[in-house]
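Starting off with a structure, shown below.
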Amino acid sequence: MDCSAIACAAALLLLLLLRPCESDDRIVPGKPLSPGATVVSEDGSFALGFFAPSTSTPAKLYLGIWYNDIPELTVVWVANRDAPVTNTTTSPAPTLSLAAGTSDLVLSDADGRAVWTTNITAVPGTPAAPPTGLAAVLLNSGDLVIRSPNGTTLWQSFEHPADTLLPGMKIRVRPVMRSAPWTGYMVASQYQANTSLVYVVFVGTEEEMYLTYSLPDGAPPRTRYVLTYSGEYQLQSWNRSRAAWSVLGEWPAGLCGRYGRCGANGYCDGTAGGGAAPACRCLDGFEPASAEEWSRGSFSKGCRRKDEAPRCGDGFLAMPGTKSPDGFRRVGNRNLEECAAECRRNCSCVAYAYADLRMSGGASAGDATRCLVWAGELTDTVKMGDVTGSDTLYLRIAGLRAGERAKTNALKIALPAVLASCLLLLAGISLARFKFKGKIGNGKRRKKQNLGAMGSEFGETNPGQEFALFRFDDIVAATRNFSEAYKIGQGGFGKVYMGMLGGQEVAIKRLSKNSEQGNEEFRNEVILIAKLQHRNLVRLLGCSVEGDEKILIYEYLPNKSLDAILFDNSRKMMLDWPARFNR
């Protein structure tokens, strides 16, 4: 061999050594994947290949993605979930190949039959992708994507989840459990996994709505949400010292978290105190569909209407502190009055709920309202109490007189205050100027004379406004005889209920009969409240005194008290310093 031949051979060898190696994080046309081989993400976190979930059936293989750097086989995604392929020594091996003509990944069994395919829908008139540059790539996130030669993502495994939700995946429908409808809270840091926080984010656009989560940059991708075979939704993190998965959180939390536990038109009362188990109850106007099954603790058949269905002209019963039921329809660009009218004029509408997302810091642009209406059965309703995420559900009741709602819908936040005479409703009271007005019936003159004297004094000090006197019977009807279902608070001097009086939502403070507060003390309390005036404090609407019953009626504040925002880490950012100063 002469020197020129030796030089050429050396140059060729050098070119081969310098040629970049084909990456093992992808599948390309003409190079299928077979059992025993794997595709590994660039950073080594995930692997794609064939696996056998049981050692007793090693010939039954599945194509899946698993954590590559964890000693315990933990599969996060499976392609052929219902149809394993066969791998024997006497027949050809199954393969996963990328078809250049259709840009599809195709899993073929030993006989060449297609067991699974990505089934990419081609746009009519679009030419087939050329084989050069087409690839199925396993990303560092665990997402298997098919990319066209120009870099467009044609398909991805994240859009077809199995039982595991990895960071960056979108969760849309999981009927095992259901949170309350979105109230506008966009981002929340929920759990600390090792040294990394898990950030849960709700994304809403005109095209889609979904929930996703993320981990800080540089955090190991060993934290995941899993839907177990028994129906629990868990947040898990890999514990290196124990070489096992640790459960950081688990849902549903409690019996009321189970989807539809009390059946159609029933609700789960999650406010029971004293360690009592949550009870299933029927919504107003309904009764158990099977009293015998309910007595045995089986509620799947739900509730049925007692009598006739409500009509168009019937009114709505307010149910505060409720997780709104499933099956709603969202009506955009509506205020509270328009949302109520939307349901009122539709005879098939049985309930509605409303939220202004600007009040909860969840919307900064576009339609910031959330008007929900229901037609048909109400499923997965929960009485949550006065907690974040609860709604006021307005339920149409047969025979209930319809009344117009209050005309004001201004944002007001109750200011916490401690008064010497009582614990005031929603931690704060503000009075407009008022005077006593109204005739007193002869049969009740003795019970209301002192209020008349009080009214004259109010008229002298605060002329120009009205102060209403409410009948005790109307208050009993508005609160369903002071039902616990209508209670929204309690203090040392009594309980607070929500009700409808004169077509307006009101908060009703019933002073305890054991408070030892007589008419004189009650009179002094109202006088004291009358002297507190501020635009951000709740307004007193009137009172009722009959026999030993002493009741104050305030406007109802759906946004709760100021401390509910200031001391809630997920809500306090809604009020920046300019907003606090200007309020």
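Keep in mind the model is a prediction, meaning the values are calculated, not measured. In this chain, residues are counted from 1 in sequence order.
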Criterion side-chain contact (heavy atoms from CB on, under 4.5 Å) on T118 and L154, from CA distance to verdict: CA-CA 10 Å; T118 52; L154 304 176; over 6 Å; no
Whether N265 side chain and L283 backbone form a donor-acceptor pair below 3.5 Å: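 Checked: no pair found.
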Chi angles and distances behind the side-chain hydrogen bond (donor to acceptor under 3.5 Å, both in side chains) call for D43, S41: CA-CA 6 Å; D43 65 355; S41 62; 3.1 Å; yes
Distance (rounded to the nearest 0.5 Å) between W77 CH2 and L144 CG: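 Nearest 0.5 Å value for the CH2-CG distance: 6.0 Å.
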R281 side, atom CZ; K383 side, atom NZ - distance, nearest 0.5 Å: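 That separation rounds to 7.5 Å.
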SG-SG distance C303 to C282 under 2.5 Å: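 C303 pairs with C282 as a disulfide (SG atoms under 2.5 Å apart), so yes.
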T212 side chain to M169 backbone, donor-acceptor under 3.5 Å: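 Yes.
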Gap between atom SG of C256 and atom CG of D269 - 0.5 Å precision: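 Those atoms lie 7.0 Å apart.
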N150 atom CG, over 12 foreign heavy atoms within 6.0 Å: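 Yes, because the 6.0 Å sphere around CG of N150 holds more than 12 heavy atoms from other groups.
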Closest heavy-atom pair and its distance - A47, N68: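 Smallest interatomic distance, heavy atoms only, reads CB-OD1, 3.7 Å.
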Spacing of CD belonging to E293 relative to OG belonging to S300, to within rounding of 0.5 Å: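 Going from CD on E293 over to OG on S300, the span is 5.5 Å.
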Polar contact flag, side-chain donor to acceptor under 3.5 angstrom, S348-N346: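 Their side chains do contain a donor-acceptor pair, which is all the 3.5 Å distance test asks for.
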Close side-chain approach of Y267 and L393, heavy atoms under 4.5 Å: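 Y267 vs L393: side chains apart.
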Heavy-atom pair of closest approach, residues P53 and Y62: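 For P53 versus Y62, the nearest heavy atoms are CD-CD1, 3.6 Å.
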R261 vs F299 side-chain heavy atoms within contact, under 4.5 Å: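 Yes, side chains in contact.
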Parallel, tilted or perpendicular: ring planes of W251 versus Y233, cut at 30 and 60 degrees: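 The arrangement is tilted - the two ring planes meet at 30° to 60°.
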Between T322 and D391, a side-chain donor and acceptor under 3.5 Å: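 There is no such pair between these side chains.
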Distance flag, aromatic centroids of Y67 and W245, threshold under 6.0 Å: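 For W245 and Y67, the ring centres are under 6.0 Å apart.
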For the student: nearest non-hydrogen atoms of A353 and C339, plus distance: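 That would be O-SG, 3.7 Å.
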Backbone N/O of P325 and side chain of W374: donor-acceptor pair under 3.5 Å: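 Yes, W374 side chain to P325 backbone: donor-acceptor pair under 3.5 Å.
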L165 side chain reached by Y213 side chain, heavy atoms, under 4.5 Å: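 Yes, side chains in contact.
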Flag side-chain contact, heavy atom, 4.5 Å: V137 against V39: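 Counting from C-beta outward, V137 and V39 never come under 4.5 Å.
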Pairing residues for E292 by the side chain to side chain contact (heavy atoms under 4.5 Å, CB included) criterion, not counting sequence neighbours: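 Side chain to side chain contact (heavy atoms under 4.5 Å, CB included) check on E292 returns S290, R296.
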Validation row: Q156, L139 side chains within 4.5 angstrom (heavy atoms):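 SC-SC contact between Q156 and L139 ruled out.
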Shortest non-hydrogen separation from L48 to L33 and the atoms involved: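 What the structure gives for the nearest pair is O-CD2, 4.0 Å.
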Criterion side-chain contact (heavy atoms from CB on, under 4.5 Å) on E338 and C371, from CA distance to verdict: CA-CA 9 Å; E338 293 167 340; C371 174; over 6 Å; no
Ring geometry between F316 and Y352 (parallel below 30°, tilted from 30 to 60°, perpendicular above 60°):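 Y352 and F316: perpendicular rings.
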Worked verdict on W116 versus L105 for side-chain contact (heavy atoms from CB on, under 4.5 Å): CA-CA 8 Å; W116 172 87; L105 279 172; 4.2 Å; yes
Derivation of the side-chain contact (heavy atoms from CB on, under 4.5 Å) call for S157 and I65: CA-CA 10 Å; S157 61; I65 299 173; 4.2 Å; yes
Working for side-chain hydrogen bond (donor to acceptor under 3.5 Å, both in side chains), residues Q236 and Q234: CA-CA 6 Å; Q236 299 180 353; Q234 296 181 346; 2.8 Å; yes
K60, NZ atom: more than 12 neighbouring heavy atoms under 6.0 Å: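 No, because the 6.0 Å sphere around NZ of K60 holds 12 heavy atoms or fewer from other groups.
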Spacing of OG1 belonging to T38 relative to CG belonging to D24, to within rounding of 0.5 Å: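 So the gap between those two atoms works out to 7.5 Å.
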Backbone N/O of I120 and side chain of D104: donor-acceptor pair under 3.5 Å: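 Looks like yes, one N/O pair under 3.5 Å.
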N/O donor-acceptor pair under 3.5 Å between R334 side chain and L372 backbone: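 Answer holds: no.
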Any donor-acceptor N/O pair, D109 side chain to P94 backbone, under 3.5 Å: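 Checking the backbone N and O of P94 against the side chain of D109, no donor-acceptor pair under 3.5 Å is found.
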Which atom of V76 lies closest to which atom of A162, heavy atoms considered: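 Minimum heavy-atom contact is O-CB, 4.2 Å.
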Worked check of side-chain hydrogen bond (donor to acceptor under 3.5 Å, both in side chains) between E232 and S230: CA-CA 6 Å; E232 280 79 27; S230 57; 2.3 Å; yes
E42 atom CD: more than 12 heavy-atom contacts under 6.0 Å: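 Incorrect, the count does not exceed 12.
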Y225 side chain reached by T223 side chain, heavy atoms, under 4.5 Å: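 Result no, sub-4.5 Å side-chain heavy-atom pair not found.
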Steps toward disulfide bond (SG atoms under 2.5 Å apart) verdict (C262, C280): CA-CA 6 Å; C262 298; C280 280; 1.9 Å; yes
Heavy-atom side-chain proximity of N335 to Y354 below 4.5 angstrom: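 A side-chain contact exists here, since the closest heavy-atom pair is under 4.5 Å.
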Side-chain touch V115/L63, heavy atoms, less than 4.5 angstrom: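 No, side chains not in contact.
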Spacing of CZ belonging to R113 relative to CG belonging to L107, to within rounding of 0.5 Å: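 Rounded to the nearest 0.5 Å, the CZ-CG separation comes to 9.5 Å.
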Distance-minimising heavy-atom pair for A110 and P92: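 Of all heavy-atom pairs spanning A110 and P92, the closest is CB-O, 3.0 Å.
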